[in-house]
Amino acid sequence: MSAAAIPIDLLSKLSWKHELTPEILSTGLDQIDSLIEGCPRGRITEIAGPVSSGRTSLLYSILAEASRLGEFCALVDGTNAFDPYAAAAAGINLRRLVWVRCSGNAEHAMRAADLLIHAGGFGVIALDLCEVPVPNLHRIPISSWYRFRRAVENTPCALVLLNREPQAKACASLFVEMKRGRAAFTGSSPLLEKAEFQVMPRKPVRPRPAVFEAHAGD
């Protein structure tokens with residue numbers, strides 16, 4: 001059957017089925033995976049929150065899970081904030097991690113992420129812009145996030161953006177907002193034991209996000 005013979009509504013259904021069922025990479029934290037399942041591959045996951053909100057711990061857990069699976073990962077470090085000792089303690093295999101230090105230069109960080117995405121071969125590429133000065137972040141054009149979304153789709157890579165406030169916005173298929181606050185989790189895992197978070201899964205186009213909140217005692 002030629003492409004012209006396939007009904008348009010059927011093509012639309014096939015396309016949306018592909019968009020809505022990406023492969024998922026676990027975050028390594030059962031409490032969070034129970035809500036969001038994990039980070040979608042071929043998509044952008046955005047994690048935002050203030051200092052000491054658990055955002056870095058969540059990123060380290062994602063990288064540890066990917067390296068546990070034998071995948072190579074890359075971290076574009078906007079302000080050289082990465083701590084290899086803490087990362088190793090969190091379970092990240094540093095032999096499978098490419099660390100790119102950008103010394104506060106947001107333009108260099110975006111360029112490095114672009115090159116890594118197009119190079120391929122990574123299970124996770126993380127872009128940490130948490131401590132980059134706000135004026136520098138405002139100079140990043142929204143078209144950059146659309147380009148990243150296009151470049152990463154249909155690949156096995158999960159692109160994880162870490163920041164104080166949302167940057168990719170509608171270009172992200174999953175947004176996780178971290179908050180300082182009461183203990184949200186109890187158990188054996190020390191990660192995120194004093195964090196609250198909201199999760200907003202998004203469709204790639206015109207999202208209507210669902211919102212989940214986790215609080216102590218709920």
Trainee: Of all heavy-atom pairs between Ala64 and Ala90, which one has the smallest distance, and what is that distance?
Mentor: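 Looking at all heavy atoms of both residues, the closest pair is CB-O, 3.5 Å.
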Trainee: Between Asn136 (side chain) and Ala106 (backbone), is there a donor-acceptor pair under 3.5 Å?
Mentor: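 Absent.
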Trainee: So Arg147 and Asp114, do their side chains get closer than 4.5 Å, heavy atoms only?
Mentor: yes
Trainee: So if I apply the side chain to side chain contact (heavy atoms under 4.5 Å, CB included) rule between Leu162 and each of Leu59, Val176, Leu58, which one comes out positive?
Mentor: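 Checked Leu59, Val176, Leu58 against Leu162; only one passes side chain to side chain contact (heavy atoms under 4.5 Å, CB included): Leu59.
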Trainee: Answer yes or no: are there more than 12 heavy-atom neighbours, outside Arg111 itself, under 6.0 Å from its atom CZ?
Mentor: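 Atom CZ in Arg111 is not packed in, count stays at 12 or less.
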Trainee: Any link between Leu35 and Ile32 through a network of hydrophobic side chains (Ile, Leu, Val, Met, Phe, Trp, Tyr) touching at under 4.5 Å?
Mentor: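 Same hydrophobic cluster.
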Trainee: Could you tell me whether a side-chain N or O of Thr45 sits under 3.5 Å from a main-chain N or O of Leu174, the two making a donor and an acceptor?
Mentor: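 No; zero donor-acceptor contacts below 3.5 Å.
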Trainee: Taking atom CD of Glu71 and atom CD of Glu65, what is their separation to the nearest 0.5 Å?
Mentor: 9.0 Å
Trainee: Return the minimal non-hydrogen interatomic distance between Glu46 and Lys169, and the atom names on each side.
Mentor: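 Glu46 and Lys169 have their closest heavy atoms at OE1-N, 3.1 Å.
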Trainee: Could you give the distance from OG1 (Thr155) to CZ (Arg41), rounded to the nearest 0.5 Å?
Mentor: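 Answer rounded to 0.5 Å: 9.0 Å.
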Trainee: If you compare all heavy atoms of Val124 against all heavy atoms of Ala66, which two are closest, and at what distance to 0.1 Å?
Mentor: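 Here Val124 and Ala66 meet closest at CG2-CB, 3.7 Å.
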Trainee: With a 4.5 Å heavy-atom cut-off, do Ile47 and Met178 have their side chains touching?
Mentor: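 Yes, close enough: below the 4.5 Å cut-off.
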Trainee: Please go through Val76's hydrophobic cluster and name the other residues, only I, L, V, M, F, W, Y counting, with side-chain heavy atoms under 4.5 Å joining them.
Mentor: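 Answer for Val76: Ile44, Phe72, Val98, Val100, Met110, Leu116, Ile117, Phe122, Ile125, Leu127, Leu129, Val132, Leu137, Ile140, Ile142, Trp145, Tyr146, Phe148, Val152, Leu159, Leu161.
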Trainee: Quick check: closest heavy atoms across Arg164 and Glu131, and the distance to 0.1 Å?
Mentor: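 Closest approach of Arg164 to Glu131, heavy atoms only: NH2-C, 4.3 Å.
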Trainee: Minimum heavy-atom separation for Arg101 to Asn80, with atom names?
Mentor: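 Smallest heavy-atom distance, with atoms named: CB-OD1, 3.0 Å.
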Trainee: In the structure I gave you, are the side-chain heavy atoms of Asp83 and Thr56 within less than 4.5 Å of one another anywhere?
Mentor: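 Heavy-atom side-chain distance check fails, nothing below 4.5 Å.
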Trainee: Is there side-chain contact between Cys130 and Thr79, with at least one heavy-atom pair below 4.5 Å?
Mentor: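 No, every pair of side-chain atoms sits at 4.5 Å or beyond.
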Trainee: Measuring from atom SG of Cys73 to atom CG of Leu63, what distance do you get when rounded to the nearest 0.5 angstrom?
Mentor: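 Taking SG in Cys73 and CG in Leu63, the distance rounds to 5.0 Å.
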Trainee: What's the shortest heavy-atom distance between Cys39 and Ile62, and which atoms?
Mentor: SG-CD1, 3.5 Å
Trainee: Is the closest side-chain heavy-atom distance between Leu97 and Ser67 below 4.5 Å?
Mentor: no
Trainee: NE2/His138 to CD/Gln167 distance, rounded to the nearest 0.5 angstrom?
Mentor: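 Those atoms lie 6.5 Å apart.
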Trainee: Is it the case that one hydrophobic cluster holds both Val160 and Trp99, taking links as side-chain heavy atoms less than 4.5 Å apart, direct or via other members?
Mentor: yes
